[in-house]
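Worksheet: the structure to be examined is printed underneath.
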Amino acid sequence: MELPVIDLAPYLAIADAGNREGESTKRVSGLTELCHEVSRLLKETGALLVKDPRCTAEDNDRFIDMMEKYFEKPAEFKRLQERPFLHYQVGVTPEGVEVPRSLVDEEMQEMLRAMPKEHQPLIPKGPDPKWRYMWRVGPRPSKTRFQELNSEPVIPEGFPEWKETMDSWGYKMISAIEAVAEMAAIGFGLPKDAFTSLMKQGPHLLAPTGSDLKRYGQEGTVFAGYHYDLNFLTIHGRSRFPGLNIWLRNGQKIEVKVPIGCLLIQTGKQIEWLTAGECTAGMHEVVVTKRTIDAIKLASEQNRSLWRVSSTLFAHIASDAVLKPLGHFAESPLASKYPSICAGEFVEQELSVINLKGNKGES
């Protein structure tokens with residue numbers, strides 16, 4: 001199965017025209033069907049491929065080029081950007097630090113053993129052998145019950161383009177997330193801003209990963225063990241090396257193929273909470289597959305970088321906003337499984353089971 005691609009251009013044009021004319025986007029002809037398709041895909045697959053005219057393949061390449069250059073630096077250089085005393089909330093997280101939930105969550109381990117063999121994930125033998133860089137994107141609240149450490153962003157020496165490149169790509173991906181969030185809200189029969197109003201001043205993180213395929217390029221290597229993301233929605237630009245597997249709502253495992261110029265969006269735990277389980281947090285892993293091996297061979301022949309960069313951005317609900325089933329989802333028979341809780345408290349609870357306390361990203 002291949003995921004369909006949703007072109008956001010018609011929605012962006014119609015929504016913009018509707019807003020200029022003071023007309024509800026719900027009433028614009030042709031919009032509702034597209035929004036229902038977005039909500040259906042998020043519900044049934046936990047993943048969505050989108051094409052956003054504001055996020056070009058050139059933008060993605062520029063970002064990956066810079067991150068490849070960074071991750072290729074010696075470990076001792078990269079560790080100058082490491083901030084363990086800030087719980088890795090900014091700067092670099094070295095390989096061997098992030099712990100996949102499937103290693104520490106006994107309930108999840110039981111579920112994995114019960115899966116049909118062909119749909120089981122690969123079980124990692126230890127922490128993820130990938131590097132990650134944490135870069136905050138967007139404004140933060142001046143007053144919050146969950147005061148984040150007011151640390152300065154970490155910019156490595158020798159990268160004068162760093163801040164502009166990180167911010168530019170980060171803001172563009174957040175814009176794509178916001179459009180999808182509006183479309184999903186309309187498709188679910190909620191006000192257009194039901195989700196986006198809760199995202200304002202959220203602790204969004206651009207958190208690209210770097211995996212060394214020269215060192216860890218053997219088939220079956222697990223770079224990111226089976227897990228879900230604790231945030232609202234996660235978005236990725238296209239990686240130059242395949243290897244992402246996702247699990248559909250029905251338990252089927254598929255390898256995702258992201259077309260050039262497209263973005264991948266995945267459901268996180270916060271949207272599951274807001275929809276009382278209508279959407280569920282999408283399970284996924286990143287492993288070295290046969291297709292990864294083929295891409296490694298081609299890159300080697302072309303003398304290209306053998307670092308697999310994933311331009312991941314975690315979009316969050318604001319820390320002081322309340323997570324609870326919205327609108328008609330509050331009447332769901334499952335609503336009691338999702339009691340009201342501040343998003344910041346929810347994040348802290350989720351982080352208590354992994355190695356990166358304070359990391360606002362994936363779990």
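In this chain, numbering begins with 1 at the start of the sequence shown.
Side-chain atoms of E285 and N245 form a donor-acceptor pair, as typed in the model, at a separation below 3.5 Å. Side chain to side chain, T292 and T289 meet the donor-acceptor criterion of an N or O pair below 3.5 Å. A donor-acceptor pair shorter than 3.5 Å can be found between the side chains of E95 and Y216. Donor-acceptor pairing under 3.5 Å is recorded for the side chains of H236 and T312. Neither side chain, D212 nor W131, offers a donor N or O lying under 3.5 Å from an acceptor on the other. Of the N and O atoms on the side chains of T196 and D193, not one donor lies less than 3.5 Å from an acceptor on the other residue. A side-chain N or O of Q81 and one of Y70 form a donor-acceptor pair less than 3.5 Å apart. Of the N and O atoms on the side chains of S305 and E72, at least one donor lies less than 3.5 Å from an acceptor on the other residue.
Taking 4.5 Å as the limit, every side-chain heavy atom of W247 sits out of range of all side-chain heavy atoms of Q252. Residues I341 and V322 form no side-chain contact, since every pair of their non-hydrogen atoms from C-beta on lies 4.5 Å or further apart. Within the 4.5 Å cutoff, the side chain of E118 has no heavy atoms near those of the K253 side chain. Contact check for R215 versus P129: no side-chain heavy atoms found under the 4.5 Å cut-off. Residues L205 and L313 are not in side-chain contact: their nearest non-hydrogen atoms beyond the backbone lie 4.5 Å or more apart. Side-chain contact between K172 and D59: present, with at least one pair of heavy atoms (C-beta onward) separated by less than 4.5 Å. Looking only at side-chain heavy atoms (C-beta outward), C55 and L263 come within less than 4.5 Å of each other. Counting heavy atoms from C-beta on, the side chains of P339 and W273 come closer than 4.5 Å.
Between the side chain of D52 and the backbone N or O of L8 there is no donor-acceptor pair closer than 3.5 Å. The backbone N or O of K130 sits nowhere less than 3.5 Å from a side-chain atom of D128 that would complete a donor-acceptor pair. Judged purely by atom type and a 3.5 angstrom limit, E219 has no side-chain atom pairing as donor or acceptor with the backbone of V288.
The nearest pair of heavy atoms linking C342 to D320 is SG-O, 4.0 Å. Taking each heavy atom of I155 and Y133 in turn, the nearest pair found is N-OH, 4.2 Å. Of all non-hydrogen atoms in L326 and A194, the two that sit nearest each other are CD1-O, 3.8 Å.
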Begin from the C-alpha positions of I235 and I174 and carry the test side-chain contact (heavy atoms from CB on, under 4.5 Å) through to its verdict.
-> CA-CA 8 Å; I235 186 168; I174 286 176; over 6 Å; no
Quick one: do Q120 and Y226 satisfy side chain to side chain donor-acceptor pair (under 3.5 Å)? Show the steps, please.
-> CA-CA 9 Å; Q120 287 182 1; Y226 181 83; over 6 Å; no
Going through the checks in order, is the salt bridge (Lys or Arg N to Asp or Glu O under 4.0 Å) test met by R40 and E37?
-> CA-CA 5 Å; R40 181 189 70 80; E37 178 68 359; 2.9 Å; yes
Would you please test V180 and V50 for side-chain contact (heavy atoms from CB on, under 4.5 Å) and show each step?
-> CA-CA 9 Å; V180 168; V50 300; 3.9 Å; yes
Given side chain to side chain donor-acceptor pair (under 3.5 Å), test E82 with Y88 step by step and report yes or no.
-> CA-CA 7 Å; E82 185 181 7; Y88 300 99; 3.2 Å; yes
Kindly indicate, with the supporting measurements, whether the criterion ring pair (Phe, Tyr, Trp, His ring centres under 6.0 Å) is fulfilled by F329 and F188.
-> CA-CA 9 Å; F329 291 120; F188 283 130; 5.6 Å; yes
Verify side chain to side chain donor-acceptor pair (under 3.5 Å) between Q266 and Y228, making sure each step is shown before the conclusion.
-> CA-CA 9 Å; Q266 295 173 277; Y228 62 79; over 6 Å; no
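Ring pair F232/F195 is tilted by interplanar angle, where 30° to 60° counts as tilted. Ring orientation note: the planes of F71 and W307 are close to parallel, at an angle under 30° on the 30°/60° scale.
Checked for salt-bridge contact, E44 and R249 miss the test: no charged N lies under 4.0 Å from a carboxylate O. Here D229 does not pair with K269 in a salt bridge; the nearest charged N to carboxylate O distance is not below 4.0 Å. For E76 and R79, the salt-bridge test fails: no basic side-chain N is under 4.0 Å from an acidic carboxylate O.
Follow the hydrophobic side-chain contacts under 4.5 Å out from I260 and you never reach V5; the two are in separate clusters. L12 and L41 fall within a single hydrophobic cluster, where Ile, Leu, Val, Met, Phe, Trp and Tyr side chains are chained together by heavy-atom contacts under 4.5 Å. Note on I254 and V287: separate hydrophobic clusters, where clusters join Ile, Leu, Val, Met, Phe, Trp and Tyr whose side-chain heavy atoms are under 4.5 Å apart, directly or indirectly.
Taking the centre and axis of the six-membered ring of F159, the NZ or CZ atom of K69 falls inside the cone set by 45° and 6.0 Å.
Summarising the geometry, atom CD belonging to Q270 is positioned 13.0 Å from atom SG belonging to C279; distances are rounded to the nearest 0.5 Å. Rounded to the nearest 0.5 Å, atoms CG (L213) and CZ (R240) are 13.0 Å apart.
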